[in-house]
Amino acid sequence: MSETVTESYIGSGIVYVDGRDVGNASGVKIDIEQDTKALPNYRGGGGNSAEITKIKSVKLSMTMNDFSNQNMALGLRGKVEVLTAGAVADEPITAVLDGLCDTVKMIDTSIAPEVKNDDASTTFVLGTDYIASAGGIRPLSSGNITEGQALKVGYTSKAGNALQALVESGKEVKVVIDGVNDATGRPWTLKFYKWKPSPTSGLDVIGDDFGAFDIEGGVLADASIVAAGKSKFFVRSAA
């Protein structure tokens, strides 16, 4: 008599996209859409006489809880550029009192910027005439800067990276999930050979709760896999 083996399942795992750990990802889900054609039974009694089902599409979706530019690039078809720290001299800005005069690069506020008038004859005082933030300079109406005044700002730019959104046509990537069944402690893996994420439908960048965004994309057939009985889409291995 054969033994019935049951395995309860609570899934957790680390998601890698082209080998890069995407951080905390939840709601990882596979959706398979089918196209069914049926031949009705015309001989009485109803039902179908024949039926064929084909796979129409395979989709992989997940919720990203880590707001790195690399993750957002997946959902915004973007490109990530490296930003290096460096000195910026005499960048021209026009004063908007109590508003933001944005600078080309992010300001490293740990190093005091220098704001002067257009001919550099006057140097304005940080905290009295203006406030500095990563986004730029905020001239104060209570200070000595006037509305619309031409200014020059010198600062040290902050190192980091920049996401150029919607500049890529859509990249195909490999996804590997290195998982564990928390109910049993047994390891499992999922490998998706070709995943093409689509632009996210929404991205909340300001809120009072932890941020997250959803990414969905098609799992495409890998034409290089030709062996009989081997999936062109994905494979799950489990201990």
Sub-4.5 Å side-chain heavy-atom contact between Glu168 and Lys79: yes

For the side chain of Ser237 and the backbone of Thr189, is there at least one donor-acceptor N/O pair under 3.5 Å apart? no

According to a hydrophobic-cluster definition based on side-chain heavy atoms being under 4.5 Å apart (Ile, Leu, Val, Met, Phe, Trp, Tyr only), do Met72 and Met106 belong together? no

Is the count of non-hydrogen atoms from other residues, nucleotides or ligands lying under 6.0 Å from Lys232 atom NZ greater than 12? yes

Before you tell me yes or no, could you show the steps for Trp188 and Arg236 under side-chain contact (heavy atoms from CB on, under 4.5 Å), namely the whole-Å CA-CA distance, both residues' side-chain angles and the distance that decides it to 0.1 Å? CA-CA 7 Å; Trp188 57 267; Arg236 182 181 189 270; 3.7 Å; yes

Test: Lys194 and Glu172 ion pair at under 4.0 Å: yes

Examine distances only and state if a side-chain atom of Asn181 and a backbone atom of Ile10 form a donor-acceptor pair shorter than 3.5 Å. yes

Could you tell me whether a side-chain N or O of Asn161 sits under 3.5 Å from a main-chain N or O of Glu81, the two making a donor and an acceptor? no

If you define the side chain from C-beta out and look only at heavy atoms, does anything of Leu220 sit under 4.5 Å from Phe192? no

If you look at every heavy atom in Leu163 and Gly78, which pair is closest and at what distance? CD1-CA, 3.8 Å

Taking only residues two or more places apart in sequence or in another chain, which ones pass ring pair (Phe, Tyr, Trp, His ring centres under 6.0 Å) with Phe124? none

Has the side chain of Glu147 got a donor or acceptor atom that lies under 3.5 Å from a matching backbone atom of Leu97? yes

Closest approach of Pro139 to Val96 (non-hydrogen atoms, all atoms of both residues): CD-O, 3.5 Å

Can you find a heavy atom in the side chain of Val15 that is under 4.5 Å from one in the side chain of Met62? yes

Give a yes or no on whether the backbone of Ser169 and the side-chain of Arg77 come within a donor-acceptor separation of less than 3.5 Å. yes

Looking at Asn48 and Ala50, would you say the former's side chain and the latter's main chain have a donor-acceptor pair under 3.5 Å? no

Following the transitive rule for hydrophobic clusters with a side-chain heavy-atom cut-off under 4.5 Å over Ile, Leu, Val, Met, Phe, Trp and Tyr, establish whether Ile55 and Phe234 coincide in one cluster. yes

Closest non-hydrogen contact found for Ser61 with Asp31 is OG-OD2, 4.4 Å

Suppose we screen for side-chain hydrogen bond (donor to acceptor under 3.5 Å, both in side chains). Which residues come up paired with Thr53, at least two apart in sequence or across chains? Thr36

Other than Ile225, what residues sit in its cluster of Ile, Leu, Val, Met, Phe, Trp and Tyr side chains whose heavy atoms are under 4.5 Å apart, directly or through others? Tyr193, Val235

State whether the side chain of Asn41 and the backbone N or O of Gly44 hold a donor-acceptor pair below 3.5 Å, judged by distance alone. yes

According to a 4.5 Å side-chain heavy-atom criterion applied to Ile, Leu, Val, Met, Phe, Trp and Tyr, with indirect links allowed, do Leu83 and Ile107 form part of one hydrophobic cluster? no

Are the side chains of Leu74 and Val17 in touch, meaning some heavy atoms are under 4.5 Å apart? yes

Where the side chain of Asn117 meets the backbone of Ala120, is there a donor-acceptor pair that is under 3.5 Å apart? yes

Contacts of Lys230 meeting salt bridge (Lys or Arg N to Asp or Glu O under 4.0 Å) (sequence neighbours excluded), chain-then-number -> none

Under 4.0 Å between a Lys/Arg side-chain N and an Asp/Glu carboxylate O for Glu114 and Lys116? yes

Heavy-atom closest contact (Leu140 atom, Gly127 atom, distance): CD1-O, 4.0 Å

Indicate, with yes or no, if Val82 and Val88 share a hydrophobic cluster defined by side-chain heavy-atom contacts under 4.5 Å among Ile, Leu, Val, Met, Phe, Trp and Tyr. no

To the nearest 0.5 Å, what is the distance between CE (Met64) and OG (Ser26)? 10.0 Å

Same apolar cluster: Ile32 and Ile177, side chain cutoff 4.5 Å: yes

Ser141 and Asp98: side-chain donor and acceptor closer than 3.5 Å? yes

Using side-chain contact (heavy atoms from CB on, under 4.5 Å), reason through Arg20 and Asp18 one step at a time and then give a plain yes or no. CA-CA 6 Å; Arg20 181 182 64 85; Asp18 275 351; 5.9 Å; no

Of all heavy-atom pairs linking Ala73 and Val80, the shortest is CB-CG2, 4.0 Å

Locate the shortest heavy-atom distance separating Ile145 from Ala95; write the atom from each residue and the value. CG2-CB, 3.6 Å

Suppose the criterion is ring pair (Phe, Tyr, Trp, His ring centres under 6.0 Å): which pairs have a residue in residues 12-55, not counting sequence neighbours? none

Leu190 side chain reached by Val175 side chain, heavy atoms, under 4.5 Å: no

Across all chains, not counting sequence neighbours, the ring pair (Phe, Tyr, Trp, His ring centres under 6.0 Å) partners of Phe67 are Phe213

Under 3.5 Å, side chain of Glu216 to main-chain N/O of Leu60, donor-acceptor pair present? no

Run the side chain to side chain donor-acceptor pair (under 3.5 Å) test on Asp108 and Thr156 for me, step by step, so that the C-alpha distance in whole Å, both residues' side-chain angles and the decisive distance to 0.1 Å come before the verdict. CA-CA 6 Å; Asp108 184 350; Thr156 300; over 6 Å; no

Check whether Asn65 reaches the backbone of Asn24 with its side chain - one donor and one acceptor, N or O, closer than 3.5 Å. yes

When you check the side-chain N and O atoms of Asn71 and Asp66, is any donor under 3.5 Å from an acceptor? no

